[in-house]
Number of protein chains: 2
Amino acid sequence: MYSKTHRQNKIKEILRDHAIYNQEELVKFLSEEGIEVTQATLSRDFQELGVVRTSAAEGSRYTLNVEEAGNQIRKLISFEILSVESNEMLIIVRTLAGRAQGVAHYIDKLNSKLILGTIAGDDTILVVPANVKNIADIVQLINKIMNEEKT
Amino acid sequence: MYSKTHRQNKIKEILRDHAIYNQEELVKFLSEEGIEVTQATLSRDFQELGVVRTSAAEGSRYTLNVEEAGNQIRKLISFEILSVESNEMLIIVRTLAGRAQGVAHYIDKLNSKLILGTIAGDDTILVVPANVKNIADIVQLINKIMNEEKT
DNA sequence: TATATTTATACAAAAAATTGAATATTCAAA
DNA sequence: TTTGAATATTCAATTTTTTGTATAAATATA
């Protein structure tokens with residue numbers, strides 16, 4: 001048997017190395033690798049992996065999306081954030097070592113009007129609120145991300 | 001309802017901020033936070049989170065193990081790496097947006113003699129080999145990390 | 001060592017995630 | 001538009017994960 005993770009890793013690998021124009025094509029590719037799966041599952045995998053159609057001369061092919069990894073990234077985030085704390089001026093998010101940049105990037109991409117900006121070191125993020133009155137809301141927002149179930 | 005991730009995040013937080021000497025104590029702590037759970041579950045959580053007993057003057061208390069947290073990160077890495085490519089001089093690793101720093105940090109920590117160093121931008125890592133002859137091996141090393149199964 | 005306390009695990013129940021078949025929906029080409 | 005191909009989704013079955021209870025095993029204490 002193969003695991004879902006294994007299948008999805010193979011998919012990423014294939015999409016990187018081959019031009020795949022539709023899902024049935026990938027069904028065959030995977031089959032040759034000993035992975036039997038239906039088109040319905042691939043449709044779901046694509047969503048999870050953040051696979052997108054990139055238009056090319058020969059037609060639009062499927063590729064991995066750098067910006068959005070679907071909801072995978074959300075799962076990473078909740079592992080990486082250790083705590084969220086604040087004082088009257090700002091919010092400090094503590095993360096696993098070396099993960100602050102990635103989490104800060106995610107927070108930036110939320111484009112929340114409550115947040116002026118972030119600065120990330122190795123395991124600490126400083127979140128600057130647009131207004132100090134927002135602090136409680138921002139803490140709540142980040143806590144929500146941390147504890148959110150996948151959608 | 002609460003999610004398992006949420007519970008485990010709370011556990012990490014509590015272990016950081018309070019001296020917990022046994023699992024029943026933590027059952028009560030969590031209960032006060034509205035999280036009802038049994039000792040058996042905490043025993044399993046501790047294993048998953050890599051919680052260890054640290055002996056202190058007052059007795060041995062439970063703390064997060066830095067080493068084990070590192071093991072958890074390995075599982076994140078394969079999600080973040082999109083591709084590994086090279087020419088005659090160096091290796092380029094492409095990652096999800098905003099994740100290059102974290103992945104580079106991990107590669108650095110491998111302390112591989114094959115690698116001279118890394119430079120990371122937002123979604124791209126430049127890996128400089130100690131010797132150009134190592135390039136194939138380094139690519140293979142990184143590919144291996146990418147395809148590692150979850151344990 | 002004997003006893004009490006604490007932790008880990010076997011087992012079963014419950015909950016959640018995964019998947020395929022069938023089908024609805026969307027998209028592209030004529 | 002209309003038609004055919006491609007993709008997404010509903011539903012149900014299946015598998016995996018999570019959890020508590022009961023208890024075994026381990027550890028600490030007297």
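Since we're looking at a predicted model, the values are computed, not measured. Proteins get letters first, then strands, A, B, ... in listed order; numbering begins at 1 in each.
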Strictly below 4.0 Å, N to O, side chains only: are B/R94 and B/D123 in salt-bridge contact?
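Yes, charged N to carboxylate O under 4.0 Å.
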Does the distance from a Lys or Arg side-chain N to an Asp or Glu carboxylate O, for B/E13 and B/R16, drop under 4.0 Å?
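The answer is no: the pair does not qualify as a salt bridge.
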Between B/I125 and B/I92, is there a side-chain heavy-atom distance shorter than 4.5 Å?
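Not touching, per the 4.5 Å side-chain cut-off.
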Can you see if the side chain of [X] gets near the phosphate of [N] - specifically, an N or O under 4.0 Å from OP1 or OP2?
{"X": "B/Y21", "N": "C/dT5", "answer": "no"}
{"X": "B/Q47", "N": "C/dT7", "answer": "no"}
{"X": "B/S43", "N": "C/dA8", "answer": "yes"}

Atom-to-atom span, [atom1] of [X] to [atom2] of [N] - whole angstrom:
{"X": "A/Q8", "N": "C/dT19", "atom1": "CD", "atom2": "P", "answer": "8 Å"}
{"X": "A/F46", "N": "D/dA6", "atom1": "CZ", "atom2": "C1'", "answer": "12 Å"}
{"X": "A/K4", "N": "D/dT15", "atom1": "NZ", "atom2": "C1'", "answer": "13 Å"}
{"X": "B/R7", "N": "D/dT17", "atom1": "CZ", "atom2": "P", "answer": "16 Å"}
{"X": "A/H6", "N": "D/dT16", "atom1": "NE2", "atom2": "P", "answer": "16 Å"}
{"X": "A/N22", "N": "D/dG4", "atom1": "CG", "atom2": "C1'", "answer": "14 Å"}
{"X": "B/E24", "N": "D/dT27", "atom1": "CD", "atom2": "P", "answer": "18 Å"}
{"X": "A/Y2", "N": "D/dT16", "atom1": "OH", "atom2": "P", "answer": "11 Å"}

Can you check whether B/I91's main-chain N or O pairs, donor with acceptor, with B/E85's side chain at less than 3.5 Å?
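Here the side-chain-to-backbone pair does not exist.
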At how many degrees, to 10°, do the end axes of the helix from C/dT1-D/dA30 to C/dA30-D/dT1 meet when each uses five pairs?
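About 50° separates the two local helix axes.
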Hey, would you say the A/Y21 and A/Y62 ring centroids sit under 6.0 Å apart?
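Here the rings of A/Y62 and A/Y21 have centres that are no less than 6.0 Å from each other.
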Please work out which residues in residues 27-42 of chain B have a non-hydrogen atom less than 4.0 Å from an atom of DNA chain C and list them by number.
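Result for residues 27-42 of chain B: B/Q39, B/A40, sorted by number.
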May I ask you to check whether B/Q39 and B/Q23 show a side-chain donor-acceptor distance below 3.5 Å?
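The criterion, which ignores hydrogens and geometry beyond distance, is satisfied for B/Q23 and B/Q39.
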Could you go step by step and tell me if B/T95 and B/E80 meet the side-chain hydrogen bond (donor to acceptor under 3.5 Å, both in side chains) rule?
CA-CA 5 Å; B/T95 71; B/E80 298 178 315; over 6 Å; no
Would you please name every residue forming a ring-ring contact (aromatic ring centres under 6.0 Å, His included) with B/F29, sequence neighbours left out?
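With sequence neighbours excluded, B/F29 shows a ring-ring contact (aromatic ring centres under 6.0 Å, His included) to B/H18, given in chain and number order.
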Test B/D45 against every option in B/K4, B/K12, B/Q8 by the side-chain hydrogen bond (donor to acceptor under 3.5 Å, both in side chains) rule and name the one that passes.
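Option passing the side-chain hydrogen bond (donor to acceptor under 3.5 Å, both in side chains) with B/D45: B/Q8.
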Closest listed nucleotide, where the reference is the side chain of B/R53 and the choices are C/dT6, C/dT9, D/dT19:
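Among the listed nucleotides, the one closest to the side chain of B/R53 is C/dT6.
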Output the single nucleotide from C/dT6, D/dT9, C/dA10 whose closest atom is nearest the side chain of B/R44.
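Closest nucleotide among those given: C/dA10.
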